[in-house]
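These notes concern the structure reproduced below.
Because the structure is a prediction, the values reported are computed rather than measured. Just so we're on the same page: letters track the sequence lines, and every chain starts at 1.
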Protein chains: 4
Amino acid sequence: MSGVNKVILLGYLGADPEMRYMPDGTAVANLSIATSESYKDKEGNRQERTEWHRVSLYRRQAEVAGEYLKKGSMAYVEGRLRTRKWTDKEGQERYTTEIVGDRFQMVGSRRDRDGQESANGGSKNGRPASKGSGGGANMDVPPEDFDDEIPFAIAADIARRGLRRVRF
Amino acid sequence: MSGVNKVILLGYLGADPEMRYMPDGTAVANLSIATSESYKDKEGNRQERTEWHRVSLYRRQAEVAGEYLKKGSMAYVEGRLRTRKWTDKEGQERYTTEIVGDRFQMVGSRRDRDGQESANGGSKNGRPASKGSGGGANMDVPPEDFDDEIPFAIAADIARRGLRRVRF
Amino acid sequence: MSGVNKVILLGYLGADPEMRYMPDGTAVANLSIATSESYKDKEGNRQERTEWHRVSLYRRQAEVAGEYLKKGSMAYVEGRLRTRKWTDKEGQERYTTEIVGDRFQMVGSRRDRDGQESANGGSKNGRPASKGSGGGANMDVPPEDFDDEIPFAIAADIARRGLRRVRF
Amino acid sequence: MSGVNKVILLGYLGADPEMRYMPDGTAVANLSIATSESYKDKEGNRQERTEWHRVSLYRRQAEVAGEYLKKGSMAYVEGRLRTRKWTDKEGQERYTTEIVGDRFQMVGSRRDRDGQESANGGSKNGRPASKGSGGGANMDVPPEDFDDEIPFAIAADIARRGLRRVRF
DNA sequence: TTTT
DNA sequence: TTTT
C-alpha cells in the first residue's frame with residue numbers, strides 16, 4: 001500500500017438506496033448523497049452549490065444501508081475514490097468517479113412523508129426499495145445516462161463480473 | 001453550508017504541476033496524484049491498483065505548488081469533490097470529477113534526476129514548468145482527451161470564466 | 001505550518017454546551033461529545049467502549065453551538081488536537097488534551113424530553129444554558145473533577161487570558 | 001458502533017519509536033509526533049506552536065514502525081482518540097489522551113545523521129532502538145514526566161494487562 | 001504519469 | 001434527487 005485516498009461525506013440521500021446483488025449473493029448498495037456549500041458570488045450574493053456523490057457500499061454495509069436508509073436520510077460515509085473507465089454506446093471511452101464506501105453511519109432522524117421516524121429512529125425500512133432510475137435530470141444531477149448506459153457505477157461490472165440487476 | 005465533502009490524499013505526482021492563470025492573475029495549479037492500494041485477487045495473489053486523482057489548487061496554494069512540487073514529489077492534499085458538467089466535441093454531456101484542494105502540504109523529499117534534494121529539501125524548483133500534456137495513455141491514466149477536449153478539469157471554465165492558458 | 005493535525009468527530013453531546021465569554025466578548029463553547037465503539041473481549045462477548053471528547057468552539061461557531069445544540073444533540077466536529085499544560089492545586093504539572101473545533105455541524109434531529117424537535121428541527125434553544133458541572137459521574141462520563149480543578153479545558157486560561165465565567 | 005472518532009496526523013517523530021511487547025508477544029510501538037501550526041499573535045508577529053501527539057501502534061503496524069521509523073522520520077497516522085484514566089504516585093486520578101493508530105504510513109525520506117537515506121529510502125533501520133525517555137525537556141517536547149510517572153501512555157496497562165517493558 |  |  002502506498003498513499004492515502006480517503007473521502008468523508010456527510011449529507012442527504014437524494015433517493016432510496018439502489019440495491020443489487022452479485023451472482024454470489026454479495027449485496028451492493030448505491031447511494032446518491034448530496035452535500036452543499038454556500039459561497040458569495042462576485043456580486044456578494046450568497047449562493048449555494050450542491051454536489052452529488054455516487055457511493056457504493058458492499059456486503060454487510062450494503063445490506064444495512066438498504067434496510068435503514070432511504071430518500072432524505074442523512075448519512076456519514078467514509079471511503080475512497082475510484083474512477084472507472086467504460087465505453088459508452090458511441091464507443092467512446094469515458095470515466096466515472098465514485099466513492100467506494102468502507103464505512104457508513106446513519107445519522108439523525110427525519111420525519112418521513114407519513115410522519116413516522118426513520119433511520120436512527122429505529123423502525124426498519126419496510127418500503128418497497130428503489131423502484132426507478134434514482135438519477136435526475138436537472139443541473140445538479142449526476143449524468144442522467146448513468147442508469148441507462150452504465151447502470152450506475154457498477155454497470156461496467158455486469159459483463160465483467162456478472163452482476164445481475166435486481167428489480168423489486 | 002450543509003454537509004461535509006472532504007477528501008484527503010497522500011500520494012505522488014505523476015507529472016509536474018500544470019500552471020495556468022486566470023485573467024485577473026489568479027494562479028491555478030493542476031496536479032495529477034497517484035495513490036495505490038494493494039489487495040488479494042480471487043487466486044490469492046497480491047495485486048496493486050493505482051488510482052489517479054485530479055487536483056486543482058488556487059491562488060497562493062497554487063503558486064507554492066508550482067514552485068516546489070514536481071513529478072515524483074509526494075504531497076498531502078485536503079480538499080473537496082467537485083463534479084463538472086461539460087459538453088464534448090460530439091455534443092454529448094459529460095461529467096468530470098476533480099478534487100478542489102483547500103490545503104496542500106509537501107511531504108518528504110525526493111532526489112530528483114540531477115541528484116539534488118527537492119521539495120522540503122528547500123531548494124526552489126527552477127525547472128521549466130510542465131510543458132506537455134501531463135496526461136498519459138495507459139490503463140491507469142485519467143481520460144487522455146482531458147487535455148484536448150477540456151484542458152484538464154478547468155477547461156469548461158475557459159469560455160465561461162475567461163481563463164487563459166499559459167505556455168512556458 | 002508544517003504537518004497535519006486533524007480530528008473528526010461525530011457523536012452525541014453528553015450535556016448542554018457550556019458557554020463562556022472572553023473579556024473582549026468572544027464566545028467560547030465547550031462541548032462534551034461521546035463516541036462509542038464496540039469490540040469483542042477475549043471471551044468473545046461484545047463490549048462497548050464510550051469515549052468522551054472535550055471540544056472547544058470559538059466565536060461564531062460557539063454562538064451557533066450554544067443556540068442550537070443541547071444534551072443529546074448529535075454533532076459533527078472537525079478540529080485539531082491541543083494539549084494544555086497546567087498546574088493543579090497540589091502544584092503538580094498536568095496535561096489536558098482537547099479538540100479545538102474549526103468547524104461543526106449539527107446533524108439529524110432528536111426528540112427532546114418534551115417531545116419537541118430540537119437541533120436541525122429548527123426551533124432555537126431557549127433553555128437556560130448549562131448550569132452545572134457539565135460532566136456526569138458514572139464510568140462513561142467525562143472526569144467529574146474537570147470542572148473543579150480545571151474548569152473544563154480552558155480553565156487555565158482564566159488567569160492567563162482573563163476569561164470570565166458566565167452564569168445564566 | 002456509534003459515532004466517528006478519527007484522528008489524522010502528519011508530522012515528524014521527536015524520538016525513535018519506543019517498542020514494547022505484551023506477554024503474548026504483541027508488539028506495541030509508541031510514537032511521539034510533532035505537528036506545528038503558525039499563527040499571528042496580537043502584535044501581528046508570526047508565531048509557531050508545536051503540538052506533540054502520543055501515538056500507539058499495535059501488532060504488525062508496530063513492528064513495521066519499529067523497523068522503519070526513527071527520530072526525524074515523517075509519518076502519516078490515522079487513528080482514534082483514547083483517554084485513559086490512571087492514578088499517579090500521589091494517588092490522584094489523572095487522564096492521558098493518546099491516539100490509537102489504526103494505520104500509519106511512512107512518508108518522504110530524510111537524510112539521517114549519517115547521511116544515509118532512511119524511511120522510504122528503503123534501507124531498514126538497524127539501529128539499537130529507543131534507549132531512553134523518548135521525551136525531551138524544552139518547551140516543545142512531550143512532557144518529560146510522561147516516561148517517569150506513567151511510562152508513556154500504556155503504563156496503566158502494565159499492572160492491568162501485564163505489559164512488560166523492553167530494554168534494548 | 002508516481003511510488004514502494 | 002436531498003437538506004437547511
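- In this structure, the CD atom of D:Q105 is 15 Å from the P atom of E:dT3, given to the nearest Å.
- To the nearest angstrom, P of F:dT2 lies 25 Å from OH of A:Y76.
- If you check distances only, the side chain of B:T50 does reach the base of E:dT2 with a donor-acceptor pair under 3.5 Å.
- Taking atom CG of B:D16 as the reference point, atom C1' of E:dT2 lies 12 Å away to the nearest angstrom.
- As rounded to whole Å, 8 Å separates atom C1' of E:dT2 from atom NZ of B:K71.
- Counting only heavy atoms from C-beta on, A:S36 has its side chain closest to F:dT3 among F:dT1, F:dT3, E:dT1.
- For B:N45, there are no side chain to side chain donor-acceptor pair (under 3.5 Å) partners two or more places apart in sequence or in a different chain.
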Give the intermediate values and the outcome of side-chain hydrogen bond (donor to acceptor under 3.5 Å, both in side chains) for residues A:S32 and A:H53.
CA-CA 6 Å; A:S32 187; A:H53 308 274; over 6 Å; no
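- Applying the salt bridge (charged side-chain N to carboxylate O under 4.0 Å, His left out) test to C:R60 and every residue at least two apart in sequence or in another chain returns C:E63.
- The distance between atom CE of B:M74 and atom P of E:dT1, rounded to the nearest whole Å, is 20 Å.
- A 4.5 Å side-chain heavy-atom check between B:Y95 and A:T96 finds every atom pair outside the cut-off.
- Atom NZ of B:K85 and atom C1' of F:dT1 are 14 Å apart (whole Å).
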